[in-house]
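Here is the structure we will look at.
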Amino acid sequence: MLSILLPTDFSQNSENAIIYALELYKNEDCKFHFLHCYPPVIFSYEYQIEKGLIGKDIHKILQEESKERLYEFALSLMRKYGNDQEFDVEVVKGFLPDRISKTVSDNNIDLIVMGTKGETDSDRVVFGSNTTQVINKRCCPVIAVPDDYKFVGLENILFPSDLNLAFKNKHFQPILKILKLHKSNINVLHISILGLTSLQRIHKEFIKETFTDYNTTYDILEEKDIADVIYEYQQEHKSELLVMINNKHTFFENLFFKPTISKIAMHLQTPFMVIPA
C-alpha cells in the first residue's frame, strides 16, 4: 500500500494540491495522511483572561480544535474525490519542514504532495519557503502542484536529466508507479553541449532498460541554456508532469534555486515531481 502525505494549512493552494493527489491516485491502493502543523505561539495574559483560558492547557485546546477541523476537512475531500481509500489526520506543533521529516519517518511515507506556495500567493514567488525546504530535505519524493492546476489525466511525463547521476532502481519507483497507473508516455530529455560521455551513455542505457515496458522517447538537444531548452520543450511537447531527480549541487539547483530564477521555474504550469538522489 502506498502512503501519501498531504500537508495543509487550510489555504486554497494546499486544498488544490490535495485534490490533485486524490485524483492522481484515485485507483491506487493507498493511504492518505493529512497533516496540519501550527507554529508555537505565546498568548498574552490579557487574551487568556478575555477567552477564559487562565489555568488551561491552551496548546492542547488549540490542537484539539485544529484536529477536529482537519478531520472534517479531510472527510469532506475524501468523500468527494477519494475512492474509499484509508486516511488519517495528524495535528502537530512546530515548523512544517521539520515536522514533515518526522512524519515521513514515523509513518513510512512514500510520497508528499503539496502546493508550490501554501498561504503565499504572489506571482513573484515560484516556490514558498516550506515547499523549498521540504524538497531540499530530500527525505521523500515530493510532488509540488501549482496554483489552480486541475488534474486532466496524465498522458505524458517529461523527465529531463543531465545523465551524470548513477541511477538506482529506487529513483524510478515513483515514476513507474504513475506510468503503470495511468498508462502514460515518458519523454526523456538530455541537453548536451559536447555530446554524451561514456559514463552518460551507461546511465542512458540504464534508463532505457528501466522504461522498456513503456512508451518512451529520447531527445538529445545541443544547447547552452538548459532552463530555456526545458521550458521551450514543454511548450512544444504536451506533458502533464515534470519529473527531476534532485542531485545535490548540480543541474537541479541551478534550474530552480539560483538567485536569478530561470524561465522554467517562473513559468512552471504543471505539477513537478522531485525525487531525492
* To do: Using the salt bridge (Lys or Arg N to Asp or Glu O under 4.0 Å) rule, take Asp98 and Lys137 through it: C-alpha gap first, then chi angles, then the decisive distance, then the call.
  => CA-CA 9 Å; Asp98 295 330; Lys137 279 184 176 293; 3.3 Å; yes
* Ile100 and Ile109: CA distance, side-chain angles, deciding distance, side chain to side chain contact (heavy atoms under 4.5 Å, CB included) verdict -> CA-CA 10 Å; Ile100 278 183; Ile109 297 296; over 6 Å; no
* To do: With salt bridge (Lys or Arg N to Asp or Glu O under 4.0 Å) as the test, would you mind laying out the steps for Glu28 and Lys177 before giving the verdict?
  => CA-CA 9 Å; Glu28 177 64 27; Lys177 177 69 73 176; 3.3 Å; yes
* Could you please spell out the steps behind the ring-ring contact (aromatic ring centres under 6.0 Å, His included) verdict for Tyr25 and Phe32? => CA-CA 10 Å; Tyr25 292 99; Phe32 296 102; 7.3 Å; no
* Asked: Taking it one step at a time, do Val134 and Ile112 satisfy side chain to side chain contact (heavy atoms under 4.5 Å, CB included)?
  -> CA-CA 9 Å; Val134 170; Ile112 302 165; 3.9 Å; yes
* Would you sort out whether Ile275 and Phe172 count as a side chain to side chain contact (heavy atoms under 4.5 Å, CB included), showing the intermediate values? => CA-CA 8 Å; Ile275 301 169; Phe172 296 111; over 6 Å; no
* Could you give me the CA-CA distance, side-chain angles and deciding distance for Lys238 and Glu240, then say whether salt bridge (Lys or Arg N to Asp or Glu O under 4.0 Å) is met? => CA-CA 7 Å; Lys238 176 186 174 186; Glu240 296 82 23; 3.6 Å; yes
* I would like to know whether Glu86 and Met1 meet side chain to side chain contact (heavy atoms under 4.5 Å, CB included); could you show each step before the answer? => CA-CA 10 Å; Glu86 293 182 39; Met1 178 184 290; 3.5 Å; yes
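Open room surrounds CD on Glu68; 12 or fewer heavy atoms of other groups in view lie less than 6.0 Å from it. The environment of Lys150 atom NZ is dense: over 12 non-hydrogen atoms of other residues, nucleotides or ligands sit within 6.0 angstrom. Tyr149 OH: more than 12 foreign heavy atoms inside a 6.0 Å radius.
Contact record, Gln85 with Asn83: OE1-N, 2.8 Å, taken as the closest heavy-atom pair. When all heavy atoms of Leu35 and Leu96 are compared, the pair lying nearest together is CD2-CD1, 4.3 Å. In this structure, Ile18 and Pro7 approach most closely via the heavy-atom pair CD1-O, 4.3 Å. Annotation for Ala144 and Thr131: closest pair CB-CG2, 4.2 Å, computed over non-hydrogen atoms. In plain terms, the two heavy atoms of Gly115 and Ala17 that are nearest each other are N-CB, 3.4 Å. The minimum heavy-atom distance linking Ser66 with His36 is given by the pair CB-CD2, 4.1 Å.
Annotation: the span from Asn169 atom CG to Glu209 atom CD amounts to 8.5 Å, rounded to 0.5 Å. Atoms CG and CD1, from Leu189 and Ile230 in turn, are 6.0 Å apart once rounded to the nearest 0.5 Å. Between atom CG of residue Asn130 and atom CD of residue Gln133 there is a gap of 6.0 Å, rounded to the nearest 0.5 Å. Atom OG1 of Thr217 is separated from atom CG of Asn156 by 8.0 Å, given to the nearest 0.5 angstrom. The distance from the CG atom of Leu5 to the CD atom of Glu90 is 8.5 Å, given to the nearest 0.5 Å. Atom NE2 of His190 sits about 7.5 Å away from atom CG of Asp162, to the nearest 0.5 Å.
Among the candidates Thr216, Asn185, Leu179, the single residue satisfying the side chain to side chain contact (heavy atoms under 4.5 Å, CB included) test with Ile157 is Leu179.
Put simply, the side chain of Thr197 does not reach to within 4.5 Å of the side chain of Leu163, judged on heavy atoms. Thr270 is not listed as a side-chain neighbour of Leu241, based on a closest heavy-atom distance of 4.5 Å or more. No side-chain heavy atom of Met273 sits under 4.5 Å from any side-chain heavy atom of Phe159. Taking the side chain as every heavy atom from C-beta outward, Val145 and Val113 approach each other to under 4.5 Å. By the 4.5 Å heavy-atom criterion applied to side chains, Phe272 and Met244 are counted as neighbours. Taking the side chain as every heavy atom from C-beta outward, Leu158 and Val243 never approach each other to under 4.5 Å. Contact annotation: the side chain of Met78 approaches that of Leu22 to within less than 4.5 Å [non-hydrogen atoms, C-beta and beyond]. Taking the side chain as every heavy atom from C-beta outward, Lys26 and Tyr81 never approach each other to under 4.5 Å.
Tyr218 and Phe206 end up in the same hydrophobic cluster when Ile, Leu, Val, Met, Phe, Trp and Tyr side chains are linked at under 4.5 Å. Cluster annotation: Leu196 is connected to Leu165 through the hydrophobic network of ILVMFWY side chains, with a link wherever side-chain heavy atoms come within less than 4.5 Å. Clustering ILVMFWY residues whenever any of their side-chain heavy atoms sit less than 4.5 angstrom apart, transitively, puts Leu70 in the very cluster that holds Leu75. Ile220 and Ile186 end up in the same hydrophobic cluster when Ile, Leu, Val, Met, Phe, Trp and Tyr side chains are linked at under 4.5 Å. Linking Ile, Leu, Val, Met, Phe, Trp and Tyr whenever their side-chain heavy atoms come within less than 4.5 Å puts Phe10 and Tyr20 in one cluster.
There is no side-chain donor-acceptor pair under 3.5 Å between Asn215 and Lys183. Side-chain contact annotation: Asn108 with Ser3, donor-acceptor N/O pair under 3.5 Å absent. At a cut-off of 3.5 Å, with distance as the only test, no side-chain donor of Ser11 or Asn13 sits close to an acceptor on the other residue. In this structure, a donor-acceptor pair under 3.5 Å is present between the side chains of Gln200 and Asn164.
Remark: side-chain polar atoms of His182 are not paired, donor with acceptor, to backbone N or O of Ile178 under 3.5 angstrom. Side chain of Asn16 to main chain of Gln12: no donor-acceptor pair is present (N/O by atom type, distance under 3.5 Å, no hydrogens or angles). Counting only distance, with no hydrogens or angles, the side chain of Ser184 and the backbone of Lys180 share no donor-acceptor pair below 3.5 Å.
With Phe87 as the aromatic partner, Lys31 does not meet the cation-pi criteria of under 6.0 angstrom to the ring centre and within 45 degrees of the ring axis.
Ring-plane geometry between Phe73 and Phe34 is classed as perpendicular, the angle between the planes exceeding 60 degrees on a 0 to 90 degree scale with a lower cut at 30. Between His171 and Phe167, the ring planes are perpendicular. Angles over 60° get that label, and only those under 30° would be called parallel.
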